[in-house]
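To start, the structure under review is shown below, and the notes come after it.
Numbered from 1 within each chain, the chains take letters A, B, ... in sequence-line order.
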There are 2 protein chains.
Amino acid sequence: MDAKTLCLGVLLRGEASGYEIKKAFEEGPFSHFHQTSFGSIYPALNALSAEGLITGRAQAQDKRPDKKLYSITPKGRSALISALKIEPAPDVMRSDFLFILSFAQFLPPRRVGHLIDQRIAWYREALERMESCACTNTVPAGAAFVRGMGIAVYRAAADYLEAHRAELIAEISESATLVAE
Amino acid sequence: MDAKTLCLGVLLRGEASGYEIKKAFEEGPFSHFHQTSFGSIYPALNALSAEGLITGRAQAQDKRPDKKLYSITPKGRSALISALKIEPAPDVMRSDFLFILSFAQFLPPRRVGHLIDQRIAWYREALERMESCACTNTVPAGAAFVRGMGIAVYRAAADYLEAHRAELIAEISESATLVAE
DNA sequence: GGTTGCATGTAAATGGTTACATGATTGT
DNA sequence: ACAATCATGTAACCATTTACATGCAACC
């Protein structure tokens with residue numbers, strides 16, 4: 001799934017600027033299953049525009065730089081729906097956090113505790129963001145389903161970390177493999 | 001976290017060949033939080049060998065091609081432990097599956113059902129693999145913790161999909177946005 | 001005075017995946 | 001027969017990230 005398709009997906013939900021699209025992947029409804037950067041979004045939007053899959057209009061703002069609002073065209077709509085028909089590639093998950101933690105016995109217990117606390121806080125913050133949006137019955141069924149799954153998975157992750165933190169710290173503290181802080 | 005560090009991590013658990021390292025990321029203890037390909041593993045192993053962080057020995061096998069078994073050196077050990085001290089980069093998650101599902105109302109309900117069923121089966125299979133390994137008290141504390149977290153998260157995902165599948169299908173079936181199969 | 005948020009964009013660098021090359025054996 | 005598993009490796013290709021470029025407003 002390339003940056004172009006991802007942008008089309010965001011634009012199907014309504015008009016948006018490149019900056020707003022990035023936010024959708026950073027803290028918005030797509031944040032828990034996809035990431036992107038400006039370096040991929042802006043070129044993608046230009047390409048989509050050239051292909052006639054989206055149209056842009058300039059929007060002046062006071063005390064803010066102008067923005068370019070893009071909308072999906074009928075042609076863009078059908079291109080997206082075609083793209084949704086492909087078999088999804090396997091999920092990609094990359095977690096330095098879990099890689100590091102899997103060698104917890106070689107790390108100072110204090111650092112392990114700190115890493116876990118940080119991550120719990122991160123999950124709780126993300127959960128608040130995802131749950132707070134009082135849009136439960138305004139968002140389309142698919143988006144609500146995906147959002148619910150994100151919440152379920154993040155909650156399980158945070159709960160697990162909280163429930164097993166002490167046990168891990170205890171185990172690595174009593175082991176002889178201790179490394180100097 | 002680059003391919004070299006990842007390989008060092010696997011080798012800290014014991015001697016292994018490039019092929020076996022890949023399996024660790026494909027179906028082994030690292031599979032739920034990292035992926036790699038041969039194209040990144042073999043060059044990484046050669047580089048690590050040249051730097052003196054690992055040593056290799058050839059192992060002849062009957063009715064199988066020879067393999068090169070690599071072991072981590074003391075220098076490699078300390079290089080890995082240093083690498084574990086860096087702040088972990090944010091987790092990367094990329095799911096075409098969730099992206100597609102978030103537009104479920106534009107897809108034939110049958111296809112949505114099939115996608116979800118496939119994914120449930122995938123999770124259940126992965127869970128069986130992760131749980132079956134009767135190594136609970138043989139693996140080091142860190143690895144057990146990370147494995148437990150993988151199980152908790154995958155179980156939450158599979159349970160969510162099972163619990164909400166029917167609801168989603170019902171919602172998109174009654175909507176007027178139906179698209180021809 | 002420094003940082004953060006808003007806003008768009010480009011170019012180089014990075015790194016990894018994909019595909020290729022090779023080949024024996026085992027299972028369907 | 002064909003696909004899959006074991007086993008190692010290289011090289012082109014690709015896409016994305018990172019860093020740079022620019023600038024104003026608001027907040028601390």
Show which side-chain atoms of residues 39-51 of chain A pair as donor or acceptor with protein atoms under 3.5 Å away, not counting sequence neighbours.
{"unit_1": "A:Ser40", "atom_1": "OG", "unit_2": "A:Ser37", "atom_2": "O", "d": "3.0"}
{"unit_1": "A:Asn46", "atom_1": "ND2", "unit_2": "A:Tyr42", "atom_2": "O", "d": "3.3"}
{"unit_1": "A:Glu51", "atom_1": "OE2", "unit_2": "A:Lys4", "atom_2": "NZ", "d": "2.9"}

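Axis deviation across the helix from C:dG1-D:dC28 to C:dT28-D:dA1 amounts to 50°, comparing end segments of five pairs, rounded to 10 degrees.
Listed pair B:Gln61 / D:dC6 fails the phosphate criterion, with no side-chain N or O lying under 4.0 Å from OP1 or OP2.
Using a 4.0 Å cut-off between a side-chain N of Lys or Arg and a carboxylate O of Asp or Glu, A:Arg124 and A:Glu131 do not qualify as a salt bridge.
A:Glu128 meets the salt bridge (charged side-chain N to carboxylate O under 4.0 Å, His left out) test with no other residue; sequence neighbours excluded. Not counting sequence neighbours, B:Gln59 has no partner by the side chain to side chain donor-acceptor pair (under 3.5 Å) test. Applying the ring pair (Phe, Tyr, Trp, His ring centres under 6.0 Å) criterion to B:His34, with sequence neighbours excluded, gives no partner residue. Residues satisfying the salt bridge (charged side-chain N to carboxylate O under 4.0 Å, His left out) criterion with A:Asp117, sequence neighbours excluded, are A:Arg165.
Here ring pair (Phe, Tyr, Trp, His ring centres under 6.0 Å) pairs that include residues 1-29 of chain A, with residues two or more places apart or in two chains, are A:Tyr19-A:Phe38, A:Phe25-A:Phe30. Residue pairs that meet the salt bridge (Lys or Arg N to Asp or Glu O under 4.0 Å) test with at least one member in residues 38-47 of chain A, sequence neighbours left out, do not exist here. Pairs passing the side-chain hydrogen bond (donor to acceptor under 3.5 Å, both in side chains) check and including a residue from residues 21-30 of chain A, sequence neighbours excluded, read A:Lys22-A:Glu26.
In the hydrophobic clustering of ILVMFWY residues, with side-chain heavy atoms under 4.5 Å counting as a link, B:Leu12 and B:Leu84 come out together.
Using modelled atom types, no side-chain atom of A:Ser17 and backbone atom of A:Lys67 make a donor-acceptor pair closer than 3.5 Å.
Chain A approaches DNA chain C within less than 4.0 angstrom (heavy atoms of the protein), and the contacting nucleotides run 5' to 3' from C:dG5 to C:dT17.
For the atom pair CZ of B:Phe145 and CD of A:Glu167, the computed distance is 8.5 Å after rounding to the nearest 0.5 Å.
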Produce the list of close N/O pairs, under 3.5 Å, pairing protein atoms with atoms of nucleotides 10-19 of chain D; give distances to one decimal.
{"unit_1": "D:dT16", "atom_1": "OP1", "unit_2": "A:Ala3", "atom_2": "N", "d": "3.3"}
{"unit_1": "D:dT17", "atom_1": "OP1", "unit_2": "B:Arg94", "atom_2": "NH2", "d": "3.1"}
{"unit_1": "D:dT17", "atom_1": "OP2", "unit_2": "A:Ser37", "atom_2": "N", "d": "3.4"}
{"unit_1": "D:dT17", "atom_1": "OP2", "unit_2": "A:Ser37", "atom_2": "OG", "d": "2.9"}

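What you find for A:Pro88 and B:Ile100 is that their closest heavy atoms are CB-CD1, 3.9 Å.
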In the 5'-to-3' direction, what one-character label does each nucleotide of nucleotides 22-28 of chain D receive under the scheme B = base within less than 4.0 Å of a protein heavy atom, S = sugar-phosphate only, - = no such atom? -B-SS--

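The residue among A:Glu27 and A:Tyr70 whose nearest nucleotide of DNA chain C is located toward the 5' end is A:Glu27.
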